[in-house]
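Sequence lines set the chain letters: A, B, ... in the order given, protein chains first and strands last, and positions in each chain run from 1. For clarity, every value in this text was computed on a predicted model and none was experimentally measured.
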There are 2 protein chains.
Amino acid sequence: METLDTVPDDDFLRLDHQICFSLHAATRAFNGVYREALRELGLTYPQYLAMLVLWEHGELPVKGIGERLRLDSGTLSPLLKRLETAGYVERRRSPEDERSVTVRPTAEGAALKEKARDVPRRIAAATGLDLADIRDLRERLDALAVRLDSVDPDDLNVCR
Amino acid sequence: METLDTVPDDDFLRLDHQICFSLHAATRAFNGVYREALRELGLTYPQYLAMLVLWEHGELPVKGIGERLRLDSGTLSPLLKRLETAGYVERRRSPEDERSVTVRPTAEGAALKEKARDVPRRIAAATGLDLADIRDLRERLDALAVRLDSVDPDDLNVCR
DNA sequence: CACGATTCAGTTGTGCACAACTCAATCGTG
DNA sequence: CACGATTGAGTTGTGCACAACTGAATCGTG
């Protein structure tokens with residue numbers, strides 16, 4: 001049987017080239033499509049993700065957004081500041097915990113949700129996949145991410 | 001039957017949140033694993049992709065690398081300059097066409113291939129997938145990327 | 001209560017991705 | 001041959017991702 005251990009190194013280099021690369025390419029293709037779809041909303045794709053989270057939860061501390069998007073403050077702070085400058089969100093130090101900053105959509109930000117309503121369906125249509133395919137792919141990707149996130153860094157070093 | 005047109009908008013917003021997001025998360029998880037595996041080689045993940053291409057082809061013009069990685073000169077020029085500074089590649093204006101710059105691995109860059117030999121297998125092992133799963137996932141992602149790359153931008157605008 | 005540890009947001013610095021642009025070399029058509 | 005169009009690499013500017021760090025607020029344990 002063909003397993004990870006029976007394939008020659010050179011085959012593997014090619015295979016690897018393709019799997020990591022396919023993911024890279026698919027992500028960039030997705031980014032391009034979102035960029036186009038979000039252009040008239042004035043949002044980038046990561047900004048859209050942040051707004052999705054806020055539309056769903058109403059308001060959240062920066063940390064809460066970070067947990068849901070798996071992003072740290074180094075990425076979120078400037079992103080949220082840009083959303084604030086654009087007038088879509090409001091940031092306020094939490095009175096209960098002065099360390100925390102609460103973020104919530106402004107009226108304008110909330111109104112944006114209606115404009116964004118069509119986006120997901122258009123994106124889904126652009127993928128050419130039906131619902132079952134999308135769900136299946138999503139499940140595989142989620143499982144993969146969970147698996148990769150739990151990898152022990154020591155297992156990846158060549159000189160173990 | 002459940003199709004793209006019969007699902008309520010709000011379901012879709014959630015579903016969308018998950019598919020685009022799953023891809024995003026999987027890519028970032030992959031990046032993290034590669035970052036770790038490539039640390040001792042002194043390469044970033046995109047630099048590794050460029051070296052893979054060069055190891056396979058010996059030498060290529062910047063344009064040729066860009067075609068294979070689907071990256072433009074705006075991304076590649078500084079990346080290749082960093083690889084040159086690191087001593088892994090050499091860049092030379094082509095004598096036949098002065099517009100073109102030929103890139104090829106230095107001796108040190110070629111030697112790096114041996115050090116990188118173990119990387120793909122370790123990455124594959126980290127995914128927890130067997131060869132069939134990897135191939136299947138790769139094919140789906142490639143098909144998705146092709147499909148997304150060929151989308152007409154006009155189909156993505158809300159006010160068509 | 002006090003004080004070291006932790007938590008949270010933010011900053012800085014590096015690298016990637018991409019759009020829009022420059023500039024020189026080359027091509028193609030009249 | 002000449003000259004406008006195209007091509008190839010590079011630059012600039014914006015935004016995202018992440019590591020490493022700062023500084024203030026809060027927590028927890030003695």
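Distances shown here put a side-chain N or O of A:Lys81 below 4.0 Å from the OP1 or OP2 atom of C:dT11. Contact between the side-chain N/O atoms of A:Ser100 and the OP1/OP2 oxygens of C:dA9 is found at a separation under 4.0 Å.
Side-chain contact between A:Gln47 and A:Met51: absent, with no pair of heavy atoms (C-beta onward) separated by less than 4.5 Å. Between A:Leu52 and B:Phe21 there is no side-chain heavy-atom pair separated by less than 4.5 Å.
Remark: B:Glu59 engages B:Arg104 in a salt bridge (charged side-chain N to carboxylate O under 4.0 Å, His left out) (not counting sequence neighbours). Under the salt bridge (charged side-chain N to carboxylate O under 4.0 Å, His left out) criterion, A:Asp72 pairs with no residue, sequence neighbours left out.
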Nucleotide N/O to protein N/O under 3.5 Å, stretch nucleotides 18-27 of chain C:
residue : atom : partner : partner atom : Å
C:dC18  : OP2  : A:Arg28 : NE           : 3.3
C:dT26  : OP1  : B:Glu98 : N            : 3.1

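In this structure, A:Leu79 places its CG atom 14 Å from P of C:dA9, rounding to the nearest Å. Going from atom CG of B:Leu60 over to atom C1' of D:dA9 covers 15 Å, rounded to whole Å. Remark: P of C:dG15 and CE of B:Met51 are 16 Å apart, rounded to the nearest angstrom. Rounded to whole Å, the distance from CD on A:Gln47 to P on D:dG15 is 8 Å. Remark: C1' of C:dA17 and OH of A:Tyr34 are 18 Å apart, rounded to the nearest angstrom. Protein atom CG of A:Leu76 is 14 Å distant from nucleotide atom C1' of C:dT11, rounded to whole Å. Rounded to whole angstrom, the span from the NZ atom of A:Lys63 across to the P atom of C:dT6 amounts to 14 Å.
Within 4.0 Å (heavy atoms only), A:Pro61 reaches sugar-phosphate atoms of the nucleic acid but no base atom.
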Margin query: Evaluate A:Leu71 against B:Arg28 for side chain to side chain contact (heavy atoms under 4.5 Å, CB included), listing each step before the verdict.
Written below: CA-CA 10 Å; A:Leu71 292 172; B:Arg28 300 215 325 277; 3.4 Å; yes
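Using a 4.0 Å cut-off between charged side-chain N and carboxylate O, A:Glu84 and A:Lys81 make no salt bridge. A salt bridge links A:Glu67 with A:Lys63: the distance from a Lys NZ or Arg NE/NH1/NH2 to an Asp or Glu carboxylate oxygen falls below 4.0 Å.
Comparing A:Glu67 and A:His24 along DNA chain C, the residue whose closest nucleotide (by nearest heavy atom) sits nearer the 5' end is A:Glu67.
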